[in-house]
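Worksheet for the structure shown next.
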Amino acid sequence: MKTDDDRLLEAATNARRNAYAPYSKYAVGAALADEVGRVHTGCNVENAAFPEGTCAEAIAIGAMVAAGGRRIAAIAIAGGREDLEPCTPCGGCRQKIAEFADASTRILLLDADGTFKACGIDDLLPDSFRLL
Ligand code: THU
């Protein structure tokens, strides 16, 4: 039977297929479950003006917020140039995840062999900056 983790990992892998990454060739997909269980997805969208590119996680978080979600219960991230490679969120995305995460948020990082590693935001970004 598929678990919630499996479903999120599958949604991230599917979103990754739509990544627009002609410059880096590094395609990333992210899928997150919000506080009521809705799933929001994103993929990286690059731009000829390189700094204008956006990470997959940022787009998934934007979709969640636009839909009224305010908390990340779990987020799965899948990335790689061709096949999957272990892909951990960049520094900026760690901060973006932290804004909507708490100690119980599950961060699922898909490995090259199709398994995943689960961690928390404090593992990825200890002592993150917060105003709230
Ligand atoms: N990328 C993401 O989408 N998420 C991350 O956390 C790491 C990096 C994207 C940005 C760029 O389009 C490509 O991966 C290579 O850096």
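These numbers come from the heavy atoms of this one structure, side chains and all, not from hydrogens, waters or symmetry mates. Remember, it's 1-based here, ligands and their atoms both numbered in the order they're listed.
Distance check: Leu132 CG to Glu99 CD gives 6.0 Å after rounding to the nearest 0.5 Å. Leu84 contributes atom CG, which lies 9.0 Å from atom CG of Asp111 (distance to the nearest 0.5 angstrom).
Within ligand 1, counting atoms from 1 as listed, the ones closer than 4.0 Å to a heavy atom of Glu57 are 2 (C), 3 (O), 4 (N), 5 (C), 6 (O). Under a 4.0 Å criterion applied to the non-hydrogen atoms of Pro89, ligand 1 contributes the atoms 6 (O). Near Val28, with a cut-off below 4.0 Å to any heavy atom, the atoms of ligand 1 are 1 (N), 2 (C), 3 (O), 9 (C), 14 (O). Here is the list of ligand 1 atoms found below 4.0 Å of a heavy atom in Tyr26: 13 (C), 14 (O), 15 (C).
Distances between N or O atoms of Asn44 and those of ligand 1 include at least one value under 3.5 Å.
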Result block: side-chain N/O donor-acceptor pairs under 3.5 angstrom for residues 87-98, not counting sequence neighbours:
| residue | atom | partner | partner atom | Å |
| --- | --- | --- | --- | --- |
| Thr88 | OG1 | Arg94 | NH2 | 3.3 |
| Arg94 | NE | Pro89 | O | 2.7 |
| Arg94 | NH1 | Leu124 | O | 3.0 |
| Arg94 | NH2 | Pro89 | O | 3.1 |
| Gln95 | NE2 | Phe129 | O | 2.9 |

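The closest protein non-hydrogen atom to atom 10 (C) of ligand 1 is Cys55 SG, 4.0 Å. The protein non-hydrogen atom at the shortest distance from atom 11 (C) of ligand 1 is Glu46 OE2, 3.2 Å.
The option from Ala56, Gly29, Gly92 that lies nearest to atom 3 (O) of ligand 1, judged by heavy atoms, is Ala56.
Looking at Ser24 against ligand 1, only its side chain comes within 4.0 Å, counting heavy atoms.
The shortest distance between side-chain heavy atoms of Arg70 and Val65 falls below 4.5 Å. Contact of the Glu57 side chain with the Leu32 side chain is not registered, since no non-hydrogen atoms from C-beta on lie closer than 4.5 Å.
Linking Ile, Leu, Val, Met, Phe, Trp and Tyr residues whenever their side-chain heavy atoms come within less than 4.5 Å places Ile121 and Ile75 in a single cluster.
Sorted by first and then second residue, the ring pair (Phe, Tyr, Trp, His ring centres under 6.0 Å) pairs with a member in residues 59-114 form an empty list; sequence neighbours excluded.
The nearest protein heavy atom to atom 16 (O) of ligand 1 is not closer than 4.0 Å.
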